[in-house]
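A short write-up of the structure that comes next.
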There are 2 protein chains.
Amino acid sequence: MALAHAIMTALIEDDLSGYELAKDFEASLGFFWNASHQQIYQELRKLAEKKWLNKREVSQSGKPNKIVYGLTRAGQDALAEWVYGTTKTQAAKDELLIKLYNLSGDNAAHLTSEISGRREQMMRLLYLYEKIRLRHYDDPQTLPTRRKGVYLALASGIAQGEQFLAWCDEAMELLATIEA
Amino acid sequence: MALAHAIMTALIEDDLSGYELAKDFEASLGFFWNASHQQIYQELRKLAEKKWLNKREVSQSGKPNKIVYGLTRAGQDALAEWVYGTTKTQAAKDELLIKLYNLSGDNAAHLTSEISGRREQMMRLLYLYEKIRLRHYDDPQTLPTRRKGVYLALASGIAQGEQFLAWCDEAMELLATIEA
DNA sequence: CCCCTATCTGCAAAAGATTGCATAACCCCA
DNA sequence: TGGGGTTATGCAATCTTTTGCAGATAGGGG
């Protein structure tokens, strides 16, 4: 049920359309919970049926009309209740690490380049994170309560990302010693 | 297809039964790729049908008989080929961080205790990791090639875990400043 | 005018994962 | 003899996620 609650979380401050939510998931909440637009639209329909969200169509000029969703009182309650439940431990799933179990002279160069690609990707992500942090979360102590939570999520992403860069460096160094 | 390849990876050095594989997934490979025994048994059947694994029944005394699977030549080839493919970037999914987006005076204490629970869990895991590292991977430079890869996976787990502990501390500190 | 891109919404099939249940052999201990 | 634990394998239903496709509106550029 976490996707449903992630969507509702995204709707706490603003009402959004499915399209806007999908953008948001790419740029913010999605750092911590991926979802494709197909999943989002389907979940929105279910949530509206359950009366946790309300929907209204908004006419736009210059673009197709959109359907904007907002949290209902029932939705707010369900979300607040969900936060109190116990959280499943994160499911560890990383193909790259499994591939490393298969390390050999033959594939060492390939794995090095995969790691290097991931490293670059992470650099770009960290750049984005840092930009957001500097702009909106520079002084966590003074943030309003809810924003402190968002800050902590961001801080988690940043710390994990930086740790990942360091690991990539160690990995590439060790892989460089392997002969084909 | 990653589960299939994770299973085959576990079978590189030893032939194993479904039950033993499930244990392994709890204690080693599973650090980086979770799977339940139901998933494992089903996947084993599929892999045997594809001829990537062979199976043989082994009689045991004192326990029920077991079905032991081993990599075929075709399986080895498929696995080696898979390593060369491009790796999907890890899907980020962490309920806890989404919950933090919902931080409020009401739930701060609850989230603190969730984080504290996770911290403890991670401490236990790190203890296990360290034990393995000290026993089998103490001097990575001198390991045979494949084991170097396994070491890097382990090192990734350790670094991530340690980073997580530090984050938990920062989070709990900031959460402590929030009033109900 | 036509194509490209962006906005916007969705269906449907397949693959993957979780949950709950079921069964059975065998041991130990009371 | 019966209950509890470990080893051992699996089915079935459901839920979640991915993948591929589809179609409509509208602006801008050539």
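Numbered from 1 within each chain, the chains take letters A, B, ... in sequence-line order.
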Q. Just by protein heavy atoms under 4.0 Å, how would nucleotides 23-30 of chain D read 5' to 3' in B, S and -?
A. --BSS---

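When each of A:Arg56, A:Lys66, A:Lys55 is tested with A:Asp15 by the rule salt bridge (Lys or Arg N to Asp or Glu O under 4.0 Å), just one qualifies, namely A:Arg56.
Look at A:Gln39 and you'll find a side-chain N or O under 4.0 angstrom from OP1 or OP2 of D:dT18. Within the structure, a side-chain polar atom (N or O) of B:Tyr19 is placed less than 4.0 Å from OP1 or OP2 of D:dT7.
Along DNA chain C, read 5' to 3', the first and last nucleotides having any atom under 4.0 Å from a heavy atom of chain A are C:dT7 to C:dA17.
A donor-acceptor contact closer than 3.5 angstrom is absent between the side chains of B:Asn54 and B:Thr72.
Neither A:Leu21 nor A:Tyr41 shares a network with the other; the hydrophobic side chains, linked directly or stepwise wherever heavy atoms of I, L, V, M, F, W or Y lie under 4.5 Å apart, form separate groups for each. By the criterion of side-chain heavy atoms lying less than 4.5 angstrom apart, applied directly or through intervening Ile, Leu, Val, Met, Phe, Trp or Tyr residues, A:Val68 is not grouped with A:Leu16; the two fall into different hydrophobic clusters.
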(Q) Set out, in order, the CA-CA distance, both residues' side-chain angles and the distance that settles salt bridge (Lys or Arg N to Asp or Glu O under 4.0 Å) for B:Lys46 and B:Glu49, then state yes or no. (A) CA-CA 5 Å; B:Lys46 282 191 218 161; B:Glu49 269 169 31; over 6 Å; no

Q: Check step by step if side-chain contact (heavy atoms from CB on, under 4.5 Å) holds for A:Tyr151 and B:Leu174.
A: CA-CA 10 Å; A:Tyr151 160 77; B:Leu174 187 62; 3.8 Å; yes

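Side-chain atoms of A:His37 do not come within 3.5 Å of backbone N or O of A:Ala22 as any donor-acceptor pair.
Applying the 3.5 Å distance criterion, the base of D:dG20 shares a donor-acceptor pair with the side chain of A:Gln38.
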